[in-house]
Amino acid sequence: MSLTFHWFLPTNGDSRHVVGGGHGTPATVSGRDRPPTVAYLSQIARAAEDLGFVGALTPTGAWCEDAWLTTAMVSRHTERLKFLVAFRPGFVSPTLAAQMASTFQRQSGGRLLLNVVTGGESHEQRAYGDFLDKDDRYRRTGEFLQIVRGLWESRTVDLVGEHLQVEDAKLARVPDPVPEVYFGGSSPIAGQIAARHVDVYLTWGEPPADVARKIAWIRGLAEKEGRSVRFGIRLHVITRDTAEQAWAEARRLLAGFDTETVRAVQAGLARSESEGQQRMLALHGGSSDDLEIYPNLWAGIGLVRGGAGTALVGSHDEVAERIAEYHRLGIDEFVLSGYPHLEEAYWFGEGVLPRLEAQGLWTHPFHDTAAARTVAQVPFVERESAKVTRIP
């Protein structure tokens, strides 16, 4: 089975420095030099598509642009790339969400993936009019996915749940194919929801031993439900020709974190209700010392950014080795990002993916399309002259 790689669309802005945000924290001023225009995001998306990334994750929250609208516009500028759209079940009715997904699939040619985000911060949820506590939000997510999946199966759905109620719900047109559902969460109730409803369980980039325990936990819960779940991991990447160059880049990013910003972000994230966020914070403890928490796994990003806070840092060979190590644990999908996202996509795509391909771990999902584009980009005169047989 070939590994699957996804990239990230920075819908809160991009920079040569780390742009913060996530989990209820505002985007920090450590760098927003490139606004998230459709033109720039499309440039990243096209690069990801050419390099062999299957999809691109778009975040959700008040700190970034809306994921549904942005990806719908960017999809017009790509051909094969899928969009892993993050959305929160509490903000839209399940019937409408199922209809939106169905429309997106038809209009994009089947290029939608869904990242279900229950919401780990009550104060942020309340800003959107959602006043449920965390456990109730997860229970609502379960009811939401039960309704949506029923609608996608062309069934008429009637449900009187604890939090959601629909009567005689049915879609005129179901999505084809049905979008795969991605989901993450580290609390006990999150594990139950994942085991019952999702296709891919996502974890943030913790050390391999912690990831292995999480995989075993979810796999065991899914088996009790008579289901199987695939596993993915969310990481940043800093990969260069040599380890020295990669770590120099990590140090450059770290130098851009001013003390007051780190303090403010850490204070906000310390109040997070998300168990996954607390696990991220524990990796660095708010200190810039000893940030390499496992070989080539750097926790520096989490000093100024909520959510995914670790990065794979090293030479192309070292980063490929760490990816292979996570794969041996059971990780098949990697959702990656880097600052800035356009340049880092090329560093990874041109440096690491060929090494994984040589090991038989990855094949380009759009190989024929990429080859055709390469030919098309060569000027016509050069292509025609190449056909001439030259006699010595």
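Only heavy atoms go into these numbers, but all of them, side chains included; no hydrogens, no water, no symmetry mates.
Looking only at distances, a side-chain donor or acceptor of Glu273 sits under 3.5 Å from a matching main-chain atom of Ser122. His77 places no side-chain N or O within donor-acceptor distance of the main-chain N or O of Ala39, the cut-off being under 3.5 Å. Between the side chain of Thr78 and the main chain of Ala45, no donor-acceptor pair closer than 3.5 Å is present. Between the side chain of Gln105 and the backbone N or O of Asp176, no donor-acceptor pair lies under 3.5 Å. Proximity of a side-chain donor or acceptor of Arg227 to a complementary backbone N or O of Ala195 within less than 3.5 Å is detected. Put simply, the side chain of Thr70 never gets that close to the backbone of Ala67: no donor and acceptor are under 3.5 Å apart. The backbone N or O of Gly90 lies less than 3.5 Å from no partner atom in the side chain of Asp130, so there is not a single donor-acceptor pair. The backbone N or O of Glu49 lies less than 3.5 Å from no partner atom in the side chain of Arg46, so there is not a single donor-acceptor pair. Under a 3.5 Å cut-off, the side chain of Thr71 and the backbone N or O of Trp68 do form a donor-acceptor pair. When atom types are taken as modelled, the side chain of Glu162 and the backbone of Arg139 share no donor-acceptor pair closer than 3.5 angstrom.
The environment of CD in Glu167 is sparse: at most 12 heavy-atom neighbours from other residues, nucleotides or ligands sit within 6.0 Å. At most 12 heavy atoms of other shown residues, nucleotides or ligands fall within 6.0 angstrom of atom CZ in Arg173. Open room surrounds NZ on Lys82; 12 or fewer heavy atoms of other groups in view lie less than 6.0 Å from it. Within 6.0 Å of CG in Asp133 there are more than 12 heavy atoms belonging to other residues, nucleotides or ligands.
Between Arg279 and Lys214, some side-chain heavy-atom pair lies under the 4.5 Å cut-off. Annotation: side chain of Leu297 is in contact with side chain of Leu312 (closest heavy-atom distance under 4.5 Å).
Of the residues Phe5, Phe348, Phe231, Phe53, the one that meets the ring-ring contact (aromatic ring centres under 6.0 Å, His included) test with Phe334 is Phe5.
Here the two rings, on Phe144 and Phe87, have centers that are under 6.0 Å apart.
With rounding to the nearest 0.5 Å, the separation of CG in Asp317 from OG1 in Thr242 is 11.0 Å. To the nearest 0.5 Å, atom CH2 of residue Trp298 and atom CG of residue Asp290 are 13.5 Å apart. From Leu291, atom CG reaches atom CG of Leu254 across 6.0 Å, with rounding to the nearest 0.5 Å. Annotation: the span from Glu249 atom CD to Arg251 atom CZ amounts to 10.5 Å, rounded to 0.5 Å. One finds the CH2 atom of Trp204 at 7.0 Å from the CE atom of Met280 (value rounded to the nearest 0.5 Å).
Residues Val352 and Tyr326 fall within the same hydrophobic cluster, defined by Ile, Leu, Val, Met, Phe, Trp and Tyr side chains chained together at heavy-atom separations under 4.5 Å.
For Phe83, the ring pair (Phe, Tyr, Trp, His ring centres under 6.0 Å) test picks out no residue, with sequence neighbours left out.
Residues Arg76 and Ser108 bring no donor and acceptor atom of their side chains to less than 3.5 Å of each other. A donor-acceptor contact under 3.5 angstrom links the side chains of Ser102 and Arg106, judged on distance only. Between the side chains of Glu333 and Tyr201, no donor-acceptor pair of N or O atoms lies under 3.5 Å. For the residue pair Thr58/Thr11, the side-chain donor-acceptor check at 3.5 Å is not satisfied. At a cut-off of 3.5 Å, with distance as the only test, no side-chain donor of Thr4 or Arg230 sits close to an acceptor on the other residue. Inspection of the Gln125 and Arg88 side chains reveals an N or O donor paired with an N or O acceptor under 3.5 Å. For the residue pair Ser272 / Glu121, a side-chain donor-acceptor distance below 3.5 Å is found, with atom types taken as modelled. Residues Glu143 and His163 have side chains that never bring a donor and an acceptor to within less than 3.5 angstrom of each other.
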Where do Val229 and Asp199 land on the side chain to side chain contact (heavy atoms under 4.5 Å, CB included) test, with the steps shown first?
CA-CA 5 Å; Val229 177; Asp199 299 298; over 6 Å; no
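Hydrophobic cluster membership of Leu202, counting Ile, Leu, Val, Met, Phe, Trp and Tyr whose side-chain heavy atoms lie under 4.5 Å apart directly or via other members: Phe8, Leu57, Leu84, Leu113, Tyr182, Val200, Val335.
Between Trp7 and His341, the two ring planes are perpendicular [angle over 60°; tilted spans 30° to 60°].
A cation-pi contact, defined as under 6.0 Å to the ring centre and within 45° of the axis, links Arg240 to Trp347.
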